[in-house]
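Here's the structure we're looking at; comments come further down.
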Amino acid sequence: MSEEKEEHAIEVHLDRLLEERGMTLTELANRVGVTHVNLSILKNGRARAVRFTTLSRLCEVLECQPGDLLSYRSH
């Protein structure tokens, strides 16, 4: 059986925020306390879920609001 891939309409703006703050993905991963791989999956829009604790830490470290990090793309 083939597994159907779920599509979502959430866009992640991690690249822009990292660039604006002059921070690397590795530095952010270390400061947030997640693996570089997991943060890369989020950055590339392939994450299927994000823990609120991780979202909170991302917002704290990046000094932003969740809406700065994520947006909904209407079809």
Side-chain angles (χ1 to χ4, degrees):
M1 281 187 207
S2 66
E3 187 176 310
E4 188 175 319
K5 183 179 178 183
E6 285 187 43
E7 292 295 320
H8 64 79
I10 301 299
E11 294 181 345
V12 180
H13 308 290
L14 206 46
D15 279 337
R16 178 177 49 81
L17 290 169
L18 287 170
E19 184 177 326
E20 288 173 358
R21 284 145 180 82
M23 191 181 298
T24 66
L25 192 65
T26 300
E27 180 183 352
L28 181 61
N30 290 336
R31 291 179 63 183
V32 170
V34 297
T35 66
H36 182 275
V37 171
N38 284 342
L39 208 51
S40 182
I41 289 169
L42 177 63
K43 180 178 80 77
N44 294 322
R46 295 191 322 258
R48 295 174 65 187
V50 179
R51 292 180 187 271
F52 281 159
T53 52
T54 302
L55 184 58
S56 296
R57 283 291 296 148
L58 285 167
C59 289
E60 181 182 340
V61 171
L62 293 170
E63 298 179 349
C64 69
Q65 293 295 314
D68 299 325
L69 188 59
L70 305 171
S71 64
Y72 175 73
R73 176 186 68 243
S74 59
H75 296 286

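All residue numbers in this chain count up from 1 along the given sequence.
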Given L14 and L25, is the side-chain contact (heavy atoms from CB on, under 4.5 Å) satisfied, shown in steps?
CA-CA 9 Å; L14 206 46; L25 192 65; 4.2 Å; yes
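- If you take CG on L28 and CZ on R57, they are separated by 9.5 Å, rounding to the nearest 0.5 Å.
- By the side-chain hydrogen bond (donor to acceptor under 3.5 Å, both in side chains) test, D68 is found to be paired with no residue, residues two or more places apart in sequence or in another chain being considered.
- Counting heavy atoms from C-beta on, the side chains of L39 and L58 come closer than 4.5 Å.
- Taking the charged nitrogens against the carboxylate oxygens, E19 and R16 have no contact shorter than 4.0 Å, which rules out a salt bridge.
- Pairing each heavy atom of C59 with each of P66, the nearest pair is SG-N, 3.5 Å.
- Under the 4.5 angstrom side-chain criterion for Ile, Leu, Val, Met, Phe, Trp and Tyr, the cluster partners of I41 are V37.
- More than 12 heavy atoms of other residues, nucleotides or ligands lie within 6.0 Å of CZ in R73, so this atom counts as buried by the packing criterion.
- The shortest distance between side-chain heavy atoms of C64 and E20 does not fall below 4.5 Å.
- The heavy-atom pair separating H13 from S71 by the smallest distance is NE2-OG, 2.7 Å.
- Of the possible donor and acceptor atoms, none in the side chain of R31 sits under 3.5 Å from a partner among the backbone N and O of L62.
- The structure places CG of L42 at 11.5 Å from CD1 of I10, a figure rounded to the nearest 0.5 Å.
- Not counting sequence neighbours, the partners of N44 by the side-chain hydrogen bond (donor to acceptor under 3.5 Å, both in side chains) test are S40.
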